Amino acid sequence: AVFKPENVEDFYEIGEVLGSGHFGQVRQVRERTSGVFWAGKFLKIRKIACSRLGVERSSVEREVEILQSVQHPNIVTLKDVFESRSEVVLILELVSGGELFDFIAEKENLLESEAIEFMKQILEGLRFMHGSNVAHFDLKPENIMLSDKVSSNPNIKLIDFGLAHRFHQGEEYKSTSGTPQYIAPEVINCEPLSTAADMWSIGVITYILLSGLSPFQGETDEETLRNVLATKYEFDERYFSMASSMAKDFIQKLLERNPNERMTAEECLLHPWIKPITRKQAANRNRSSINMKN
Ligand SMILES: Cc1ccnnc1
């Protein structure tokens with residue numbers, strides 16, 4: 001694929017840095033014709049094969065192809081792609097509400113029903129993505145953003161499809177990248193992967209959302225990976241006393257070692273924690289608010 005060879009600055013004014021990572025940096029950009037703000041993801045293209053800096057052009061092409069094919073209200077949209085000699089610039093929808101976890105950290109107490117509203121949107125995005133045989137493979141709090149902070153019911157946007165993969169019929173895929181705290185056991189064991197690896201990450205994210213604790217985190221990455229492989233975690237009463245039993249059941253059905261045992265996004269949306277069966281269950285859930293001070 002060839003991206004636009006024009007100079008991105010002929011079309012966009014480059015603004016402040018919004019975020020940066022192994023890939024390069026994301027800056028706010030302003031479209032010259034319309035004055036509309038977007039997010040420019042500036043990716044340094046690797047010149048030397050195994051250089052640690054920058055990204056492989058092939059992985060940028062994959063990220064672009066995937067973003068162009070999954071369009072959903074809870075997934076960041078891609079508007080344009082420019083490339084120069086050493087850089088590719090993705091022009092993405094600007095998601096300016098910050099990361100989900102910063103938003104929650106700022107609030108005093110968070111009702112379980114609010115946590116559910118966020119989780120529902122994340123699951124809707126995942127259900128769509130997985131339905132198109134695309135797995136994200138890097139789901140973590142930094143990659144779950146809010147469209148804006150001010151509205152009472154902000155929209156969730158999944159971002160950063162740099163490690164995402166589209167599965168083709170009968171094809172095996174293995175990868176060892178991801179973030180230790182959130183990666184599934186099968187990723188660590190270099191076993192064939194599936195969209196179920198994303199559902200493990202959702203289990204970890206839900207655990208953190210309700211308690212503020214990271215279930216497998218150890219002193220070092222090695223210890224974290226050992227804890228993940230042992231699938232060793234518990235619901236410490238000091239942090240989970242307020243969480244409903246449905247919430248714990250939801251997490252348990254995601255932190256399943258066997259990927260085939262794990263709930264899919266579809267099944268999560270039908271789980272009683274997310275979709276209350278009775279009004280009593282809904283009442284019971286709201287009574288338990290979660291202390292996010294810890
Ligand atoms: C960090 C970021 C990424 C994509 N869109 N807006 C902001």
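Counting starts at 1 for both ligands and their atoms, following the listed order. Nothing here was measured: the structure is a model prediction, and the numbers come from that model.
Here the protein heavy atom with the shortest distance to atom 2 (C) of ligand 1 is V26 CG1, 3.8 Å. Scanning all protein heavy atoms for the shortest distance to atom 6 (N) of ligand 1 gives V95 N, 3.0 Å.
Annotation: F240 is in aromatic contact with Y207 [ring centroid separation under 6.0 Å].
Contacts with ligand 1 closer than 4.0 Å are made by backbone heavy atoms (N, CA, C, O) of E93 only, the side chain lying farther away.
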Step by step, would you call F82 with F11 a ring-ring contact (aromatic ring centres under 6.0 Å, His included)?
-> CA-CA 10 Å; F82 292 84; F11 299 87; 5.6 Å; yes
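For the salt bridge (charged side-chain N to carboxylate O under 4.0 Å, His left out) criterion with E63, the lone passing option out of R57, K41, R166 is K41. When each of F128, W200, F161 is tested with H136 by the rule ring pair (Phe, Tyr, Trp, His ring centres under 6.0 Å), just one qualifies, namely F161.
At under 3.5 Å, not a single nitrogen or oxygen of L18, backbone or side chain, sits near a nitrogen or oxygen of ligand 1.
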